[in-house]
Amino acid sequence: MKTVIANWKMNVGTRESVALGRGVLLSLRGRKVIPDTVICPPFVALGEVRKLIARSKVSLGAQNMSWEEQGSFTGEISPRMLEEAGVSHVILGHSERRNILGETDEMINKKLLTALKSGLVPILCIGEQKADRDGGKAEEVVLGQLRAALKGVHLKKKDQLFIAYEPIWAIGTGVSATPQDAVEMHSVIRSAAADLLGEANFSILYGGSVNSDNAYEFLRENEVDGVLVGGASLKLNQFTGIISAAAEVMEGLIEGGKIEK
Ligand code: PGA
């Protein structure tokens with residue numbers, strides 16, 4: 001299976017989210033094979049997008065969540081509120097939240113534990129800065145974030161976890177990592193996560209300037225279980241191209257007997 005996740009960030013209100021969501025449904029219509037598709041609108045649009053995708057295979061994700069379950073935390077959204085809004089997935093530790101809004105590894109770890117306890121599927125984002133990569137420290141930084149986020153995490157059989165490798169220098173810049181960079185880092189993340197989590201159900205996504213031109217190159221790699229898409233998820237022709245790329249890869253895997261339909 002390949003997964004495609006759309007992160008609309010703070011770019012669209014409710015009306016535009018509904019229009020975009022309609023487009024996503026159209027892009028899936030009539031296909032024999034479709035990737036796992038998750039769309040993450042802003043909080044205020046969750047209710048309307050939920051209605052729109054109710055009878056589809058598309059899942060609903062949130063872009064953030066409080067680690068607290070309830071109480072006096074002005075402006076925060078709890079896991080229960082998300083569940084009530086029909087949310088199944090939640091992005092945690094996105095680099096914009098780490099770097100602009102001051103989220104620490106410790107906060108992200110608490111969010112991850114709360115999400116799993118609440119039955120939500122976390123999409124944990126990790127990634128290095130350009131200076132880390134240039135200084136040969138990319139792996140150290142990424143593994144540091146991974147270990148901190150997974151502290152005390154034990155996945156049960158039914159739990160699912162996405163780890164999104166998103167090099168910060170590739171986010172929103174138009175300069176993606178190379179598929180080779182992604183494959184190398186994914187395999188490092190995969191073995192570290194397997195050490196920490198055992199035989200658990202986790203998948204590793206690539207994010208950072210994925211578009212309809214480069215999506216196939218990433219998705220065809222075994223190491224890349226899917227993509228997390230920001231900017232290109234706001235443009236329907238781009239997003240449709242990414243869905244098509246994922247479907248094409250999956251069709252190849254089905255033909256080769258590597259995955260079931
Ligand atoms: P981008 O964003 O696709 O616009 O680079 C990715 C992300 O922030 O998840």
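Owing to the predicted nature of the structure, the values given are computational and were not obtained by experimental measurement. Residue indices begin at 1 and follow the sequence shown. Remember, it's 1-based here, ligands and their atoms both numbered in the order they're listed.
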| Quick one: are Lys57 and Thr37 in side-chain contact, heavy atoms under 4.5 Å? | no
| query | What residue and heavy atom of the protein are closest to atom 9 (O) of ligand 1, and at what distance? | reply | Glu166 OE2, 2.6 Å
| field | Gly208: numbered ligand 1 atoms lying under 4.0 Å from its heavy atoms | value | 5 (O)
| message | Assigning hydrophobic clusters by single linkage (Ile, Leu, Val, Met, Phe, Trp, Tyr; side-chain heavy-atom cutoff under 4.5 Å), is Leu60 placed with Leu92? | response | yes
| request: Give the atoms of ligand 1, by number and element, whose distance to some non-hydrogen atom of Ser209 is under 4.0 Å. | output: 1 (P), 3 (O), 5 (O)
| said: If the cut-off is 4.0 Å to any non-hydrogen atom of His94, which atoms of ligand 1 fall inside it? | reply: 7 (C), 8 (O), 9 (O)
| request: Using a strict cut-off of 4.0 Å, indicate which atoms of ligand 1 neighbour a heavy atom of Lys9. | output: 2 (O), 7 (C), 8 (O)
| task | Could you tell me whether Thr173 and ligand 1 have an N or O pair separated by under 3.5 Å? | result | no
| task | Say whether, by atom type as modelled, one donor and one acceptor occur between the side chain of Lys2 and the main chain of Val224 under 3.5 angstrom. | result | yes
| query | In the protein, what heavy atom is nearest to atom 3 (O) of ligand 1, and what distance, to one decimal place, separates them? | reply | Gly230 N, 2.8 Å
| Can you tell me the protein heavy atom closest to atom 4 (O) of ligand 1 and the distance? | Gly231 N, 2.8 Å
| query | Got an N/O contact under 3.5 Å between Leu228 and ligand 1? | reply | no
| said: Between Asp225 and Arg190 (salt bridge meaning N to carboxylate O under 4.0 Å), is one present in this structure? | reply: yes
| task | Out of Ala6, Gly172, Ala164, indicate the one that has the non-hydrogen atom closest to atom 1 (P) of ligand 1. | result | Gly172
| message | Hydrogens and angles aside, do Ser244 and Arg31 bring a side-chain donor and acceptor to less than 3.5 Å of each other? | response | yes
| said: Taking Leu150 as the starting point, is it possible to reach Ile123 by hopping between hydrophobic residues whose side chains are less than 4.5 Å apart? | reply: no
| said: Just to check, does Ala232 reach to within less than 4.0 Å of ligand 1 when the distance is taken from its heavy atoms? | reply: no
| message | Would you say Phe73 ends up clustered with Val44 if hydrophobic residues are merged whenever their side chains have heavy atoms under 4.5 Å apart, either directly or through other cluster members? | response | no
| request: Step by step, work out the side-chain hydrogen bond (donor to acceptor under 3.5 Å, both in side chains) result for Gln63 and Trp8. | output: CA-CA 9 Å; Gln63 299 174 17; Trp8 294 345; over 6 Å; no
| field | Per-residue contact class, Ala170 against ligand 1 - non-hydrogen pairs under 4.0 Å | value | backbone
